[in-house]
Amino acid sequence: MGFFNEENEEIAKEIVSRYPVARSALIPLLHLAQEQEGWITKPAMEQIAELTDTTSVEVLGTGTFYEMFKFHPVGKYLIKVCTNISCQLLGADELFEHVKTVLDIEEGGTTEDGLFTFEEAECVAACTEAPCFTVNYRYFHRASPELFDEVVVDLKAGESPLSKGCADDQGVMPEHGTLSRVRQQIPQTRSAGIKHPEEIKGPPSWIEEVV
Amino acid sequence: MVESPLQTGYIKHAPGFVENEGPKLITSRFKHTDSFTLDKYLSTGGYEGLRSSLNRLPNQVHDEVREASLLGRGGAGFPAGIKWGFPPEGVWPRYLVVNGDESEIGTYKDRLLMERDPHQLIEGVLIACYALGLSQAFLYVRGEMALAQERIALALDEAYKAGYIGKNILGTKFSVDVVMHWGAGAYIVGEETALIESLEGKRGMPRLKPPYFPAAIGLYGKPTIVNNVETLSNLPWILNNGASAYKGFGSESSPGTRMFAISGHVKRPGVYEVEHGVTTFRELFYDENFCRGIRDDNELKMFIPGGGSAPWFFQEQLDLPLEASAVGAAGSMLGSGAMVVMDETTDAVKACLSVVRFFARESCGKCSPCREGTTWEEKILQRILDGDGRPSDIDLLLDIGDNISPGPYPAAAFSDEGLDAVPFPPSQTTICPLGPSSVAPIVSAIRRFRNEFEALITRRDPIPLSLKVEEVVT
């Protein structure tokens, strides 16, 4: 029995097929596992190893390098407050303390109801819109403690707070693990054809026809 | 939030972008709410640069880009056209990897380009693939940028369906696959060899150069061109309008425009598309057309001119042009085009710790001077701020810096003290520049604000070596 459900197993195979070498799919598949389960489990790493022609230790080795992968359960909503210099200059420390008080947890902790995990973030590329926090990697700009309170009320009520955040990002707030709400799909009939690098000996055939 | 008159000019759906006076080469579509759709892209001249490229030979397209002197926008500022010429003769396959792992402190531009105009980037990727004779490209988007991933995935799907990517592009023989890849949270992956490691499914640790120059030994050991998002986003305009028109903007050595993000204590922080090489820092921070001055009309204390890795500048450097060689000679770098402005109320030691802590956390751990050094730097700065500083700490910080970057470290001139500028870049005992970057805030802050460090170091008497730990604590 594998870890991925039937639908995700298909998606996983499709992702692997886009790369000339299967191991390149390792990080995207860890994301897919996290999308299914909310965190990375041992059976997930075992199946990813099979799919990417690696060992589960190699999957663990790669996965633990990257801070977005969680190897223990976390809350449904991952709240990250940026405390780097641009945000700090405009009140990130105060926002950070406020979040800690409201959620009543330490940095890195999860609330008892399993709803929120709270972490400090490194610069998230929203420096002119400081201070900034994200919920499941969805941005909230020029954030005040009041804005944070409103977002928490929405999330507790099961409503999407996205309209209060980055004006460009609307719709449903996904649960932790889901990043992009859409997936790239390369139609078989449109693909130029992906080959292992060792199978390619010369320039692409189109060059000769163009030149 | 109440909008003050100083806060005009923003476009709500492109957060932080200010539509001011001046040429807009790569941000021209930001004003449209649906700028990320294929329909809008096509109705505003989209994919014309690709069409124009396909009517020429690949090497003619390459020549046009070389002629435009398009400088890389990721940080190093290397000319893209010259970089493209580096792959060794006869070695195949070759790959293009797009660096969309924007995470340098203060930097905010690639995220906007990916969220607001993904087709412009894709068109740039296709033009590059045509010029270089490639059949596969990877678009590496930073893991935390969920919306950028959505916009790029949607745009790629649209472009595949409409025949702009894939087999027989626009009815020609030109065929290329573009695959979106996404990371999982690691600043160091923005370094090109670490990016390649990550794309191979490994820990994102940089490779030693030489021999691992990506253009020679890159992805899967094959020649690989790594270009930044903003660099590639310029290509459609250049191929549409020609290199000479492009050189009509900016200065001779830095043509075109650049996106600069100015954050911190200015009245109108934002992302501005600015003529490259001609505007000065003073204009950018104080002019009506840009940031409109320092908040509460305070005095400027210091500013970071090109991302967290850049040594700091001060009032004396305000009249320098936004031009790579001038900024480099003055002791810093334009880097990623990120400026952080700090007014007189800012605590220099605290600001220094903030930047250093970032590098300490993001060090990948491969080279010991960086792995150990950045942690030491953070701990020492922290204890100074906690009131546990020692008189020897200032020299110790500089000594650790000297282990990572031996010799004089790049710094701005300080005429009051009779100190000349030390030009960029720093030397390094590490594989990549992350470790040396952590030294920038330390040398900058100590050189200029040594008195602030000294004032915080309360314990004036040296601690005798014979003293036991318990005695030191009491």
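Because the structure is a prediction, the values reported are computed rather than measured. All heavy atoms count here, side chains included; hydrogens, waters and symmetry mates do not. Lettering of chains follows the sequences in order, A, B, ..., and the numbering in each one begins at 1.
- Ranked by heavy-atom pairs under 4.5 Å with chain B, the first of Glu199(A), His31(A), His141(A) is His31(A).
- Proximity to chain A involves both the backbone and the side chain of Ser135(B), based on heavy atoms less than 4.5 angstrom apart.
- If you measure heavy-atom distances from Gln170(A) to chain B, you find no contacts under 4.5 Å at all.
- In terms of non-hydrogen atom pairs under 4.5 Å with chain B, the most contact-rich of Cys166(A), Pro187(A), Ala126(A) is Ala126(A).
- For the set Leu26(A), Leu179(A), Thr54(A), the count of heavy-atom pairs under 4.5 angstrom toward chain B peaks at Leu179(A).
- A donor and an acceptor atom, one from each side chain of Ser86(A) and Tyr108(B), are nowhere located under 3.5 Å apart.
- Contacts with chain B were tallied for Arg138(A), Lys201(A), Gln185(A); Arg138(A) has the most, counting heavy-atom pairs under 4.5 Å.
- For Val178(B), the part sitting under 4.5 Å from any heavy atom of chain A is the backbone (N, CA, C, O) and nothing else.
- For a residue to count as touching a neighbouring chain, one of its non-hydrogen atoms must lie under 4.5 Å from one of that chain's; by this rule Glu129(A) touches chain B with the side chain only.
- The candidate with the highest count of non-hydrogen atom pairs below 4.5 Å against chain B, out of Gly193(A), Pro204(A), Ser205(A), is Pro204(A).
- Both the backbone and the side chain of Leu199(B) come within less than 4.5 Å of a heavy atom of chain A.
- At a 4.5 Å heavy-atom cutoff, the contact between Ile85(A) and chain B is made by backbone and side-chain atoms alike.
- Neither the backbone nor the side chain of Val266(B) comes within contact range of chain A; no heavy atoms are under 4.5 Å apart.
- For chain B, no part of Pro174(A) is nearby; none of its heavy atoms comes within less than 4.5 Å.
- With no hydrogens or angles considered, a side-chain donor-acceptor pair links His181(B) and Tyr19(A) at under 3.5 Å.
- Using a 4.5 Å cut-off between heavy atoms, Leu134(B) contacts chain A through its backbone alone, with no side-chain atom that close.
- In the model, Tyr220(B) has a side-chain atom that pairs as donor or acceptor with a side-chain atom of Ser24(A) under 3.5 Å.
- Only the side chain of Gln88(A) comes within contact range of chain B, with at least one heavy atom under 4.5 Å from a heavy atom of that chain.
- Without hydrogens or angle criteria, Asp177(B) side chain to Ala192(A) main chain gives a donor-acceptor distance under 3.5 Å.
- Geometrically, Arg190(A) does not engage Tyr164(B) in a cation-pi contact defined by less than 6.0 Å to the ring centre and at most 45° from the axis.
- We find that Arg23(A) and Glu197(B) are not joined by a salt bridge, their nearest charged nitrogen and carboxylate oxygen being 4.0 Å or further apart.
- Using a 4.5 Å cut-off between heavy atoms, Ala130(A) makes no contact with chain B at all.
- With a 4.5 Å cut-off on non-hydrogen atoms, Glu198(A) touches chain B through its side chain but not through its backbone.
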